[in-house]
Amino acid sequence: MEINRSVLGRVLLGLYLLTGCRQEKDRELDRLDMVYLDSSRLKVEVLASGLEVPWDLEVDGLGNLWIAEQKGKVSLMNLKTGSLKHLLTLPDVWQERTSGLLGMTVHPDFMGFPHVYLNYTLKQGSGIVSRLIRYTYHNDTLIQPFVLLEIEGGTSHNGSRLDFGPDNKLYWATGDIHDFSNAQNPQSLNGKILRINQDGSIPKDNPNPNSYVWSMGFRNMQGLVFSSNGMLYTSEHGDAIEDEVNLIRKGGNYGWPNIEGKEDLDEERDFARIHNTLEPLRSWTPVIAPAGLTYYGNKAIPEWTNSLLLTTLKGKSLRVLSLNEKGDDIISEEILFENRYGRLRDIVTGSEGEIYLSTSNLDWNPQPGFPLDGDDKILKISRSDETSTSPLSPVKAQQGPLLSGSELYLSYCASCHKEDGSGIPEIFPSLKDSRLITGDPSALVGLVLKGSESSESGQQMPSFAFLDNRQVAEILNYVRGEWSENMQRIDPDFIEQNR
Ligand code: HEC
């Protein structure tokens with residue numbers, strides 16, 4: 001008996017070592033980089049790869065990471081075992097360029113209410129609809145779809161992000177669907193933050209008890225998060241200038257399209273006075289295309305405690321925006337990972353203070369040098385005692401004047417026409433064979449100062465009238481030097497005459 005029992009024990013122990021024990025230990029992940037902060041060391045590892053534009057990441061209270069991919073796929077990763085399960089592909093999602101499955105959040109009490117909320121675009125008749133839907137998680141699948149709300153969708157600027165507030169209401173950041181009349185129209189649900197009961201009804205304590213609108217005056221938000229003391233922050237894409245991070249107040253008007261960034265022009269100040277608008281905490285010109293936003297309240301990385309972590313697409317970086325104690329001001333900005341992993345779409349903080357972020361190198365706007373092998377990926381950032389001979393460190397952001405024509409071109413033009421001037425077929429024209437560049441300079445200056453809308457693609461070339469004469473001249477001389485034989489220089493006076 002004695003012997004038998006110990007044999008059995010040894011067999012069980014062996015089995016345990018082979019299976020269970022491996023799962024208890026941290027899984028071995030590919031380490032990409034080490035980051036050295038003032039006193040903390042962080043490692044950056046690949047948690048998942050081979051994804052396609054993971055637009056939204058969420059963590060639930062049960063140790064799972066939720067992943068929404070733009071084409072309509074929802075997956076669940078058990079963060080302890082690393083197992084990744086595909087739960088659902090939305091059957092009717094309409095995905096092109098920046099539309100598709102965009103926002104996702106899970107119920108804050110997921111154990112009691114295993115609900116997942118999704119926002120996606122679909123075609124209905126000849127129109128596009130942006131739908132807010134709830135699914136129930138059951139036996140590794142998502143069932144019982146229940147539509148909470150549908151608003152008008154568009155071919156672009158559909159946002160979006162979803163999150164629960166500390167009041168257990170659902171907050172939805174919607175886009176203006178590229179229609180300038182929406183954001184300031186209180187009847188339209190586009191270009192707004194909407195506040196919604198869990199069953200899809202309107203909360204009685206909204207600014208207007210008959211409207212979902214919580215705050216207005218937005219263009220295209222890509223980030224929305226509550227801090228641990230209940231403040232609501234968003235990130236928003238500006239047009240050619242003035243990307244923003246906003247602190248959201250009940251009933252607030254944030255000014256788009258009449259105000260871009262801070263209220264620094266006469267017309268903007270006039271509008272602000274009449275409409276009592278609020279200014280962003282920070283704005284960026286040249287633009288960085290700010291996207292996912294998480295509030296870092298954890299003590300695990302003390303250098304980042306009480307900051308907003310912001311991923312950027314165009315900026316291809318992570319921004320650490322430290323908040324003051326009250327949370328109503330950004331007191332410093334640091335840049336990390338610039339150009340290292342490509343476009344960064346979303347970010348979320350895990351329960352132990354670890355951070356997950358997703359790359360977006362397979363989206364509609366690929367950058368030179370990307371995608372990298374295995375894109376798109378989910379990266380994990382966590383504390384580590386490991387060392388590296390070539391660690392990364394954040395650099396302080398500086399908002400200085402840009403000087404050369406090529407730098408100005410990269411900041412203001414390359415997002416559409418690309419670094420090498422080749423554009424994107426059928427979306428943004430190539431500058432290489434452009435008659436406007438080789439020809440009469442006044443037509444070229446007119447286009448850059450006034451902007452234009454393409455009759456073929458419907459895409460807009462924004463107006464660059466906000467640049468000063470010297471900057472416009474620098475850019476155009478650079479463009480003509482690169483992509484035409486016409487070496488006749490354009491000087492700042494000539495720009496002034498064409499304003
Ligand atoms: C947001 C995207 C975007 C940005 C940024 C942008 N453009 Fe354009 N650009 C366009 C679009 C769209 C068109 C086509 C407009 C049309 O057909 O009416 C265009 C057309 C042009 C053309 C004419 C090309 C042709 O068809 O011959 C030139 C030249 C040009 N842009 C230069 C610039 C310069 C210089 C900058 C930076 C100061 C710039 N663009 C920034 C979108 C952009």
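We count ligands from 1, going down the list as the structure has it; atoms in each ligand are counted the same way.
- Set against the non-hydrogen atoms of F428, the atoms of ligand 1 under 4.0 Å away are 2 (C), 12 (C), 42 (C).
- With distances taken over non-hydrogen atoms, the option nearest atom 22 (C) of ligand 1 out of I427, L447, D239, D433 is L447.
- Aromatic ring centres of Y233 and F226: separated by at least 6.0 Å.
- Counted by atom type alone, S332 and S322 present one or more donor-acceptor pairs between their side chains at under 3.5 Å.
- Counting only N and O atoms by type, the side chains of S160 and N119 include a donor and acceptor under 3.5 Å apart.
- Selection from Q459, Q460, R480 by nearest heavy atom to atom 42 (C) of ligand 1 gives Q460.
- Inspection of the S317 and R319 side chains reveals an N or O donor paired with an N or O acceptor under 3.5 Å.
- Atom NE2 is the N/O/S atom of H417 found closest to atom 8 (Fe) of ligand 1.
- Closest of all the heavy-atom pairs between K123 and I128 is CE-CG1, 4.0 Å.
- Less than 4.0 angstrom separates some heavy atom of I437 from each of these atoms of ligand 1: 29 (C).
- Residue L436 approaches ligand 1 through these ligand atoms, each under 4.0 Å from one of its heavy atoms: 23 (C).
- A donor-acceptor pair shorter than 3.5 Å cannot be found between the side chains of Q187 and N185.
- Using a 4.0 Å heavy-atom cutoff, A240 is absent from the residues neighbouring ligand 1.
- For ligand 1, one of its N or O atoms has an N or O atom of S434 under 3.5 Å away.
- At a threshold of 4.0 Å, the pair R131-D92 counts as salt-bridged, since one of the basic side-chain nitrogens sits closer than that to a carboxylate oxygen.
- Relative to atom 17 (O) of ligand 1, the option among G405, S415, S454, S484 with the closest non-hydrogen atom is S454.
- Of all the listed residues (E456, E453, M461), M461 holds the heavy atom that lies closest to atom 32 (C) of ligand 1.
- Aromatic ring centres of W256 and F180 lie closer together than 6.0 Å.
- Taking 2.8 Å as the criterion, S452 does not count as a coordinating residue of atom 8 (Fe) of ligand 1, since none of its N, O or S atoms falls below it.
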